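The shown structure was predicted, so the numbers you read here are calculated from the model rather than taken from an experiment.
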Amino acid sequence: MNIAEVECKTGMTRANIRFYEKEGLVSPARSANGYRDYTEQDVETLRKVRLLRQLRLSVPEIRAVKEGERALAETAERQLAVLEQDIREGQQAYAVCRAICDDGAQWNGLNVDKYLSLALHPAAPWERTPAETDRIPPVGRPWRRFFARWLDLSLYGLVWSMLAQWVFRLNPMLYPGLIWTLLCGYAGWALAFVFEPLLLHFWGTTPAKWVLGLSVRDEDGHKLSIRAALARTWGVFTLGMGFNVPFYGLYRNWVAYRACTEEELPWDLDNGCAIAVRARQARWYRVAGYLMLWALTVLADIGISLRAELPPNRGEMTLAEYVENCNDYLKYRGLSGRMLPDGSFDPNGNAQGGSVVVNVLDAQITCMAETDQKGYVTTVSVRQEVDGETALMLYDLYTMREMLLYAYGLPHEKMGVLSLNRMPLSSALVRHAQGFTESLGSLTITQQVAYEGYELAGDEPDAPLWPIEDAPVYHYQMEFCITKNENTELSAAGGQFFCQQTAKKFLRFLEIYRKMVMQFIYACCIINL
């Protein structure tokens with residue numbers, strides 16, 4: 001029978017049974033799957049132990065009686081003397097309390113000598129029987145275990161972020177916050193079932209547990225088997241986390257928190273072996289190490305997101321590689337349209353499923369790419385014309401220019417996406433009504449703009465163009481071109497992935513990460529290992 005059935009038959013708690021097992025009073029066999037298999041004889045032994053503990057016999061005395069080293073009757077006779085002394089002391093204590101009540105004694109003026117003469121050795125009554133206190137003391141540390149679990153899941157989440165954004169090309173910004181949070185939560189747990197059993201089996205701890213001074217061992221002090229570690233992780237997910245279900249998970253967290261302060265947790269018992277979470281003394285450097293590891297996790301996640309925005313091909317590119325970069329840009333951002341193999345743009349094509357329309361109004365979009373004799377792209381351009389009496393917000397026109405920079409300009413120079421924030425390029429890209437010429441390493445970026453029947457609706461560079469009333473013609477034309485300079489090599493600045501970072505872009509991604517973390521905590525709320 002299993003331990004739950006033994007609890008019902010003996011009236012003992014699981015912690016009591018495990019304590020007596022550790023003391024050698026019972027030795028259940030192991031089933032094929034490694035779990036304890038108790039017999040009726042084990043149950044009868046535990047019932048006898050419980051009876052003798054209620055008689056105030058110590059565990060060593062009970063073990064001696066069980067092993068035949070001492071007769072039960074002789075032991076009970078000795079215990080009678082002890083109990084008689086307890087009775088006498090209890091009666092004396094009772095007599096003193098009764099006298100104090102009858103006299104109406106007060107603290108001030110209490111006749112100590114009078115009451116000491118009534119009871120020389122008063123004994124305080126016990127509130128619990130010895131059997132109720134026979135349990136392996138829990139390690140506790142609920143908050144240390146909570147923060148370790150939270151950070152470990154964040155580390156597993158980094159692997160998911162790389163897979164999701166680099167391999168599957170999933171863009172977090174295209175999904176509702178709660179859906180992405182739940183997806184990340186379950187993906188993180190799926191990876192936990194892969195990594196955590198291996199870490200506990202070979203290392204005996206996990207990165208966050210190690211930093212906070214926690215380790216996991218079996219009852220003999222050995223590292224867990226993979227099967228026991230996997231069963232333990234499953235117990236945490238189901239009993240401690242409530243299957244990661246919002247709100248129900250909060251309830252399970254609270255139950256686990258209260259249990260952690262009083263006894264061993266079920267996932268540390270129901271694994272075919274007793275598992276002990278050992279805690280070293282808390283030191284300031286452990287807290288500092290934890291905060292440092294957390295900060296590195298945040299920065300790593302930001303780096304993963306920035307790297308995900310880079311196209312697959314870098315350096316000098318053939319026409320096919322450039323087209324692949326353009327379509328990757330459209331797919332990752334959920335934009336409609338696609339780049340054709342000859343470098344032209346099809347606004348009605350569908351690179352992914354299309355949630356955003358690139359072309360605006362009746363804009364005519366013309367993309368071109370030129371190559372040299374070796375087949376490498378030397379010039380990419382986009383030409384857009386808009387006719388019609390309507391306000392031109394021109395946001396989508398910015399998207400087309402940004403696509404050329406992401407697909408050709410930045411990867412050609414081996415720069416990161418944060419390079420778009422450097423001056424004066426960042427200010428030049430928002431100019432919809434002005435021409436400009438800027439350099440980007442070995443590339444030259446030019447823009448030519450001509451329009452009739454429109455005027456800027458403000459002083460800002462990105463202000464919309466507003467139609468002039470009763471103008472004879474309404475026409476807007478923009479040509480954006482990135483050209484490789486003749487007789488130049490790739491920029492020496494290339495290869496420095498994050499060298500062009502700015503505070504504005506960094507804070508933007510940090511805020512995105514903070515929101516994702518808060519949503520993750522809200523959905524999961526993990527308290528215990």
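- The minimum heavy-atom distance between D218 and L224, with the atom names listed, is N-CD2, 3.7 Å.
- Looking at heavy atoms from C-beta onward, Y285 lies out of side-chain contact with Y290 at the 4.5 angstrom threshold.
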Determine whether Y248 and R252 satisfy the following criterion, side-chain contact (heavy atoms from CB on, under 4.5 Å), listing intermediate values before the conclusion.
CA-CA 6 Å; Y248 176 64; R252 293 306 311 171; 3.4 Å; yes
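- The backbone N or O of G68 lies less than 3.5 Å from no partner atom in the side chain of R70, so there is not a single donor-acceptor pair.
- For the atom pair CG of N171 and CD of E309, the computed distance is 7.0 Å after rounding to the nearest 0.5 Å.
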Evaluation steps, side-chain contact (heavy atoms from CB on, under 4.5 Å), between M12 and E7:
CA-CA 5 Å; M12 292 181 175; E7 285 182 285; over 6 Å; no
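- A distance-only check finds no donor-acceptor pair linking the side chain of E23 to the backbone of V59 [under 3.5 Å].
- Between the side chains of S27 and E21, not a single donor N or O lies within less than 3.5 Å of an accepting N or O.
- Looking only at distances, no side-chain donor or acceptor of R338 sits under 3.5 Å from a matching main-chain atom of N327.
- The side-chain heavy atoms of L25 and R63, taken from C-beta on, include a pair separated by under 4.5 Å.
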Please lay out, stage by stage, how Y175 and L182 fare under the test side-chain contact (heavy atoms from CB on, under 4.5 Å).
CA-CA 11 Å; Y175 295 87; L182 292 175; over 6 Å; no
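- Within the model, atoms SG of C326 and CG of L335 stand 12.0 Å from one another, a figure rounded to the nearest 0.5 Å.
- By the 30° and 60° cut-offs, the orientation of the rings of F237 relative to W189 is tilted.
- Counting only distance, with no hydrogens or angles, the side chain of R217 and the backbone of K223 share no donor-acceptor pair below 3.5 Å.
- Of all heavy-atom pairs spanning V323 and P341, the tightest one is CG2-O, 3.9 Å.
- Q165 places none of its side-chain heavy atoms less than 4.5 Å from the side chain of R307.
- A 4.5 Å side-chain heavy-atom check between W234 and F193 finds at least one atom pair inside the cut-off.
- Across L200 and T206, no two heavy atoms sit closer than the pair CD2-CG2, 4.2 Å.
- For residues 296-331, the ring pair (Phe, Tyr, Trp, His ring centres under 6.0 Å) pairs, not counting sequence neighbours, are Y329-Y406.
- For the residue pair S225 and H201, the shortest heavy atom distance occurs at CA-ND1, 3.7 Å.
- M173 contributes atom CE, which lies 11.0 Å from atom CH2 of W180 (distance to the nearest 0.5 angstrom).
- Between the side chain of R50 and the backbone N or O of T10 there is at least one donor-acceptor pair closer than 3.5 Å.
- S58 and E61 share a donor-acceptor pair across their side chains, judged by distance under 3.5 Å alone.
- Of the N and O atoms on the side chains of T45 and D42, not one donor lies less than 3.5 Å from an acceptor on the other residue.
- Side-chain contact between M1 and V43 is present, with heavy atoms from C-beta onward closer than 4.5 Å.
- Checked by atom type, the side-chain pair Q85/R88 shows a donor-acceptor distance below 3.5 Å.
- A distance below 6.0 Å separates the ring centres of W254 and Y257.
- Taking the side chain as every heavy atom from C-beta outward, L183 and W160 approach each other to under 4.5 Å.
- For the atom pair CE (M415) and NE2 (H412), the distance works out to 11.0 Å, reported to the nearest 0.5 Å.
- Between W203 and W210 the shortest side-chain heavy-atom distance falls below 4.5 Å.
- At distances below 3.5 Å, not a single donor-acceptor pair connects side-chain atoms of K209 with backbone N or O atoms of A148.
- For residues 320-329, the salt bridge (Lys or Arg N to Asp or Glu O under 4.0 Å) pairs, not counting sequence neighbours, are R169-D328.
- A distance-only check finds no donor-acceptor pair linking the side chain of R47 to the backbone of L51 [under 3.5 Å].
- Rounding to the nearest 0.5 Å places OG1 of T238 at 12.0 Å from CG of N244.
- Residues P207 and L199 meet the side-chain proximity criterion, which asks for heavy atoms closer than 4.5 Å.
- How far NZ of K9 is from OH of Y38: 13.5 Å, rounded to the nearest 0.5 Å.
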Show your working on side-chain contact (heavy atoms from CB on, under 4.5 Å) between D301 and T297 and close with a plain yes or no.
CA-CA 6 Å; D301 194 77; T297 303; 5.7 Å; no
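- Formation of a donor-acceptor pair under 3.5 Å by the D152 side chain with backbone atoms of A208 is found in this model.
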